Amino acid sequence: VQAREASQGAELSLVHRAAGVSGAALSGAAPSGAALSGTALPGEAVLSGTALPGEAVLSDEAVLPVLPALRGLLPGGALRRGSVVATGPWSLLCLALAAGASAAGAWCAVVGLPQFGVAAAAAAGLDPDRMLLIADPGTGWPQVVASLLDGCELVLLRPPDRPPAQVRRRIEATVRRFGGVLAVAGEWDGAQARLSITQQEWTGIGTGHGRLRARRVQVVADGRGGAAQPRSQWLWLPGPDGSVTAADQTKAARNPFWPEIRSTG
Amino acid sequence: LKPVGDAPPRVLVVWCPDWPDQGTEGARAFEQVVAAVEELCPRVEVLHPGACAIGARGPARYFGGEEVLARKIIDAVACFGFACRVGVADGMFAAQLAARGPRAEISDAALIVALGETPAFLASQPVGSLEDPELADLLPRLGIRTLGEFAMLPAIEAGNRFGAQGAVAHRLARGLDPRPLVPRPPPADLSVSVEFDPPAEQSEPVVFASKALAEQMHAGLAGRGLACVRVQAQVTCSDGQEITRLWRHDGLLSALAVAERVRWQLAGWRPARGDADERAADKRVANERTADEGAADEGGAVGGITLLRLVPDQLVRATGRQLGLWGDAVVSDRVARAALRVQAMLGHGSVVRPLLAGGRDPAEQVTPVPFGDAADPALPSGRPWPGRLPAPAPATVYPVPLSARVIDASGVAVTVTGRAFASAAPARLSADGGPWLTVTSWAGPWPVTERWWRPEGARRRARFQLVAEDGSAWLAAVQDGQWLIEASYD
């Protein structure tokens, strides 16, 4: 039911914005939108049955889905095509942001992250078969990013340096033109949404015993426009199997996944 | 017993004394000698770097005698700056001995054993020339010192006493070859090229020409029933600069698709070339601007292009190719185009697709495969891999482990004993020369002894998971007394 409400929110915000979406952006995004439509998330499938046909198509084309746990953090509960999202320093949060869309069929390019952990990405829900890794884009990274946005719906970028405003605006224009989403591991001044981890706590590990099992983090989101008011959410990032799920606000849920003490043999 | 088969053919062996290198480099350098010999007689068999052989009968008749032929070959090879010696005899073995054998005079580079005199020539050679250390040691102790004496033994007895090796040696000693000469066919040049005169200032005419050129190359390949795995596009500029790129072909690309790849190559080249001079730099800025505006991405090429050459690489028999009905994730045209464009800018190996593999390390669990290539995981997945790092996997896996320092509460470096006991609880951690962090929780050591049966892959590590005061979690390991950070749980 929660997912359904979140999607409904997305639907409403889209109707407001529909007039602003240019024809060029729509036609550029058409093939990938078609690829996505076959594997829409369940919540959206329910909605598209109730909404008008035209709006349903628009909802497929104008946003990329995210994991259910992250819907509350983003305006509209999804990644809006043509937007830039900054996630602070490189972390699993950046991966989790891309996981929903990748699982739904989007291609994801990872630029400038030689230390990208593919196993963690696969556990979070990204599909390694639809992933391009460009470890070292060199000095011409803005052009590399522009070329990749032409083919991939999602580009994860860690800029080698803080880009000048001019370069930044050109990349933002490219993102809008191709209707992709740029997730930046780092700071990006013009980002529509900004996520960051403010608190984190590992469980399962003691002093000399146990092991890292799961991490409970508080993610705070703010941004511009519809995303202006800060929101926060507690997440298991990652959970014990590497997936990303919502966590309780209270600290009481200390061991929701595994027995703390097990008898051994 | 009568010798089986016909009399051995006349063979001419070209031998360069003391060829320096038997490896790949030496083989490549020897190609020049082979090319020189090929100028005179096209079918050459390379024996090893430093020696090659040809059938002498035909060329000798053409040039008017074996001595004339030998002289011509020595002169031709000398033109490339190499000294060589030539031997002609019946059969490969005798010809090799003739080429290497001692000379009456230093200047006498060619030794020709006349037709029918080969058995006599061989009879005087020592048994050491068989190049079989076992026989060279054994035969003299049995009183057999020359090949002639060895050849006088009955063939069947030589086989009985010395085995298969002995039987082959006996054939050689009698002047019979164990196998006929296998010359390589003259290599066909399937590459195609076009020159631009005057040099092409714009990339468009080059791209246009490349389409016709690709059609020509495909026709040449199809005429021989071949397909190429990759195609190399080579562009030369009027100022001598050259750029070559390999493109995956697999016999699948149309002429138009090859032309498109040439276009990407030229487009990707431009920014890198701009540093050459001021004028070019100015143009580059202009080009970048147009590219980033996104309107027209192919402007004019800087400088003039004088030559375009397409070289088919890795020729295979054309068997046709059928794409899998249910393959891996199908790469859409848009994604392939984007990936190839980036490959044109950064190189083939710079765009990779990850392949999940087996292994115990986070770094081992991924095999990077350049986009467009097919490969199997380096380590097989789907096996148990006992001792594998448990889930959750770290989000950051350093390609090269960072160095680290871990100390206990008294400031002494923490060590791990051979029985996998830590000397003390880790208290503080410094990763890659960074600031000291207080360790709040830790687990380990978890010893891993891998591939001890293979010296080059053997590794002993003891792993720790460390959580620092700021909430950061690290996967550290001790190997050879050194602390390393393999990954971090960012």
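Numbers restart at 1 for each chain; the letters A, B, ... are given by sequence-line order, proteins then strands. This is a predicted model, so every value here is computed, not measured.
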>> Once side-chain hydrogen bond (donor to acceptor under 3.5 Å, both in side chains) is applied, what residue pairs with a partner in residues 376-402 of chain B remain, sequence neighbours excluded?
In response: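 side-chain hydrogen bond (donor to acceptor under 3.5 Å, both in side chains) check on residues 376-402 of chain B returns A/W90-B/T396, B/T396-B/D490.
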
Mind ranking [options] by heavy-atom pairs under 4.5 Å with chain A and telling me who comes out on top?
options: B/G444, B/P362, B/P390; result: B/P390
options: B/A425, B/S472, B/A487, B/A395; result: B/A395
options: B/A338, B/A393, B/P392; result: B/P392

Region of [X] in contact with chain A, defined by heavy-atom distances below 4.5 Å:
X: B/S488; value: neither
X: B/Q465; value: both
X: B/V366; value: side chain
X: B/Y489; value: both
X: B/V352; value: both

Which portion of [X] sits near chain B, non-hydrogen atoms under 4.5 angstrom:
X: A/L113; answer: neither
X: A/D150; answer: both
X: A/A122; answer: side chain

> Among all residues two or more places apart in sequence or in another chain, which pass the side-chain hydrogen bond (donor to acceptor under 3.5 Å, both in side chains) test with A/R215?
Replying inline: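 Applying side-chain hydrogen bond (donor to acceptor under 3.5 Å, both in side chains) to A/R215 gives A/Q200.
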
> Do A/W188 and A/E172 meet the criterion of a side-chain donor-acceptor pair at a distance under 3.5 Å?
Replying inline: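 There is such a pair between these side chains.
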
[X] side chain to [Y] main-chain N or O, any donor-acceptor pair under 3.5 Å?
X: B/D361; Y: B/A363; result: no
X: A/R130; Y: A/S102; result: yes
X: B/Q365; Y: B/G359; result: yes

> Could you walk me through whether A/W141 and A/I171 pass the side chain to side chain contact (heavy atoms under 4.5 Å, CB included) check?
Replying inline: CA-CA 10 Å; A/W141 64 268; A/I171 291 179; 3.5 Å; yes

>> Before you tell me yes or no, could you show the steps for A/D189 and A/R162 under side chain to side chain contact (heavy atoms under 4.5 Å, CB included), namely the whole-Å CA-CA distance, both residues' side-chain angles and the distance that decides it to 0.1 Å?
In response: CA-CA 10 Å; A/D189 292 335; A/R162 202 183 175 88; 3.0 Å; yes

Top contributor to chain B interface from [options] [non-hydrogen pairs under 4.5 Å]:
options: A/C94, A/P128, A/P89; result: A/P128
options: A/G210, A/G206, A/A173; result: A/G206
options: A/G208, A/S91, A/A119; result: A/G208

> SG/A/C108 to CG/A/L132 distance, rounded to the nearest 0.5 angstrom?
Replying inline: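 So the SG of A/C108 and the CG of A/L132 are separated by 8.5 Å.
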
